[in-house]
Undergrad: 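Below you will find the structure I want to go over with you.
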Amino acid sequence: MTNAMDIVIKNGSTNGSVDGNDESRTNLIVNYLPQTMTQEEMRSLFSSIGELESCKLVRDKISVLPASLQALNPALQQGQSLGYGFVNYVRPEDAEKAVNTLNGLRLQNKVIKVSYARPSSESIKGANLYVSGLPKNLSQPDLEALFAPYGKIITSRILCDNISDIEVIKKLLLNGIGLSKGVGFIRFDQRNEAERAIQELNGKTPKGYTEPITVKFANNPSNSAKAQIPPPLAAYLTPQAAAATRRLTAGALPSAGRISIGKSPLFAINKGLQRYSPLAGDLLANSILPGNAITGSGWCIFVYNLAPETEENVLWQLFGPFGAVQSVKVIRDLQTSKCKGFGFVTMTNYDEAVVAIQSLNGYTLGNRVLQVSFKTNKTKTA
DNA sequence: CGACGGGACGC
DNA sequence: CGACGGGACGC
């Protein structure tokens with residue numbers, strides 16, 4: 001297994017790569033891309049630095065869509081973005097410049113990471129560890145320090161509780177309870193480094209710790225066998241929507257961690273969803289699909305029972321905490337300029353729109369109970 | 001107890 | 001208590 005063949009670096013014209021091109025100084029890996037970013041958008045961004053040899057956004061190819069629906073739109077045939085990709089420049093100096101200027105760039109709600117891709121190799125796969133039983137006050141540097149003796153750490157992370165409502169924040173502020181769930185991830189450069197860390201740390205109580213920790217290989221994200229969507233519903237869903245639904249079904253709340261304290265109102269997740277929307281379609285009504293999905297222009301949300309004095313900023317404040325908001329619109333009477341009682345909000349990401357609807361439908365704003373749902377196709381003329 | 005805009009292929 | 005992440009090697 002130990003093979004030095006793939007790490008040969010020479011000054012001359014030859015090297016260890018298969019195709020004879022040394023990519024070690026031109027090929028970049030880009031991580032933490034926004035979910036909605038396409039390969040062409042990625043190409044556009046990185047082309048601004050210099051000429052590209054290639055650009056590849058990695059997508060999952062697992063399809064939840066029947067072939068008949070995919071045939072409607074070629075874009076649906078591709079799986080959802082896995083949030084990372086590769087950019088290979090023609091010139092090493094451009095690659096270097098891309099790392100220096102684009103690493104850390106904020107795109108939508110993400111901060112992208114741009115770094116040199118490691119040479120593709122079997123030895124670097126499956127080097128991600130799942131660690132539990134960590135002290136709640138352990139910092140990320142602490143975690144890395146614990147694992148550093150066993151190899152080169154590529155990434156690390158400590159998971160935190162979802163902050164989905166105001167109660168959690170209150171607890172945090174009043175009691176100073178830590179966010180950490182006591183679990184984290186460590187990705188090593190090499191799998192054998194990860195294996196050694198397991199041998200040395202799993203079940204052990206590190207110095208200064210009071211409890212033993214668990215260290216094992218992290219689950220492979222590709223085979224997360226969570227609740228599946230019933231076929232009739234899946235037939236209407238985009239891959240993104242299906243994935244979001246899977247997460248919701250599994251009880252996980254997407255978009256956690258983005259919360260704006262002090263920008264009230266914040267909201268408890270609404271329990272009794274349906275009764276506030278007697279006339280609205282379901283959350284996943286077929287009337288909203290697949291038109292929105294195909295045009296890719298965002299998810300339009302209908303907001304009803306707004307007060308006559310309502311201004312646009314109210315809608316921004318209501319929906320902003322849930323994710324990327326593209327536009328808001330308060331519908332007004334042309335004569336009086338007073339709000340006619342409803343408005344529209346377009347959000348970029350389906351899963352964020354779902355959470356916003358779930359959270360805001362039934363929410364009492366002033367003395368009015370809002371009704372929030374995906375926009376339907378109703379027209380005034382009816 | 002009433003319910004789904006308006007503008008428009010754009011640098 | 002356990003906890004598996006919006007995404008790190010070309011899905």
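Sequence lines set the chain letters: A, B, ... in the order given, protein chains first and strands last, and positions in each chain run from 1. Any value given below was found using the heavy atoms of this structure, including those in side chains, with hydrogens, waters and symmetry copies removed.
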Undergrad: Would you mind telling me which of dA3(C), dG2(B), dG10(C) lies closest to the side-chain atoms of S132(A)?
TA: dA3(C)
Undergrad: Might you work through the side-chain contact (heavy atoms from CB on, under 4.5 Å) test for V372(A) and F302(A), ending with a clear yes or no?
TA: CA-CA 6 Å; V372(A) 183; F302(A) 175 65; over 6 Å; no
Undergrad: Nearest whole angstrom, please: distance from the P of dG7(C) to the CE of M37(A).
TA: 15 Å
Undergrad: Checking one value: the base orientation of dC11(C), syn if chi is within 90 degrees of 0, otherwise anti.
TA: syn
Undergrad: If you look at every strand shown and take non-hydrogen atoms under 4.0 Å, does Y130(A) touch a base, only sugar-phosphate, or nothing?
TA: base
Undergrad: Would you classify dG10(B) as syn or anti? Syn applies when the glycosidic angle is within 90° of 0.
TA: syn
Undergrad: Salt bridge between R332(A) and E311(A), side-chain N to carboxylate O under 4.0 Å?
TA: yes
Undergrad: Side chain of V183(A), heavy atoms from C-beta onward: which of dC11(C), dA3(C), dC4(B) has the nearest atom to it?
TA: dA3(C)
Undergrad: Going through the distances and angles, do E195(A) and R191(A) end up as a salt bridge (Lys or Arg N to Asp or Glu O under 4.0 Å)?
TA: CA-CA 6 Å; E195(A) 285 171 348; R191(A) 180 173 174 103; 3.3 Å; yes
Undergrad: Output the distance between atom CD (E41(A)) and atom CG (L57(A)), rounded to the nearest 0.5 Å.
TA: 9.5 Å
Undergrad: Grab the CG-P distance between L28(A) and dG10(C) for me, whole Å please.
TA: 16 Å
Undergrad: In whole angstrom, what separates K340(A)'s NZ from dG2(B)'s P?
TA: 17 Å
Undergrad: Counting only side-chain nitrogens and oxygens, does R187(A) get under 4.0 Å of the OP1 or OP2 atom of dC9(C)?
TA: yes
Undergrad: Counting side-chain heavy atoms from CB outward, which of dC4(C), dA3(C), dA3(B) is closest to Q371(A)?
TA: dA3(B)
Undergrad: Select one nucleotide: of dC9(C), dC4(B), dA3(C), the one nearest the side-chain heavy atoms of A117(A).
TA: dC9(C)
Undergrad: Could you work out which one of dG7(C), dC11(C), dC9(C) sits closest to the side chain of I29(A)?
TA: dC9(C)
Undergrad: Quick check on dG2(B): syn or anti? Syn means the glycosidic torsion is within 90 degrees of zero.
TA: syn
Undergrad: What nucleic acid atoms does D189(A) come within less than 4.0 Å of, heavy atoms only: base, sugar-phosphate, or nothing?
TA: nothing
Undergrad: Out of the candidates K97(A), R43(A), R91(A), only one should pair with E51(A) under the salt bridge (Lys or Arg N to Asp or Glu O under 4.0 Å) rule; please name it.
TA: R91(A)
Undergrad: Using the rule for Phe, Tyr, His and the six-membered ring of Trp, do F86(A) and dG10(C) stack at under 5.5 Å and under 30°?
TA: yes
Undergrad: Measure the OG-CG distance between S156(A) and L143(A) for me, rounded to the nearest 0.5 Å.
TA: 5.5 Å
Undergrad: With a cut-off of less than 4.0 Å, is there a side-chain N or O of K329(A) near OP1 or OP2 of dC4(B)?
TA: no
Undergrad: Counting distance only, does the side-chain N/O of R118(A) pair as donor-acceptor with the main-chain N or O of D189(A) below 3.5 Å?
TA: yes
Undergrad: Below the 4.0 Å mark, does dC4(C) have OP1 or OP2 next to a side-chain nitrogen or oxygen of K216(A)?
TA: no
Undergrad: Rounding to an integer number of Å, can you tell me how far K125(A) NZ sits from dC11(C) P?
TA: 9 Å
Undergrad: Among dC9(C), dG10(C), dC4(C), which nucleotide sits nearest the side chain of K56(A)?
TA: dG10(C)
Undergrad: Roughly how many Å is it from CG in L134(A) to P in dC4(C), rounded to a whole number?
TA: 14 Å
Undergrad: Between R368(A) (CZ) and dC1(B) (C1'), how many Å, whole number?
TA: 13 Å
Undergrad: Could you tell me how far apart I112(A) (CD1) and dG7(C) (C1') are, to the nearest whole angstrom?
TA: 14 Å
Undergrad: Does dG10(C) have OP1 or OP2 under 4.0 Å away from a side-chain N or O of R59(A)?
TA: no
Undergrad: Among the candidates dC4(B), dC4(C), dG7(C), find the nucleotide nearest to the side-chain atoms of F302(A).
TA: dC4(B)
Undergrad: With a 3.5 Å cut-off and heavy atoms only, can you find an N or O donor on one side and an acceptor on the other between the side chain of N88(A) and the base of dG10(C)?
TA: no
Undergrad: Give me syn or anti for dC9(C), where syn covers glycosidic angles within 90 degrees of 0.
TA: syn
Undergrad: What integer distance in Å separates Y32(A):OH from dG7(C):P?
TA: 6 Å
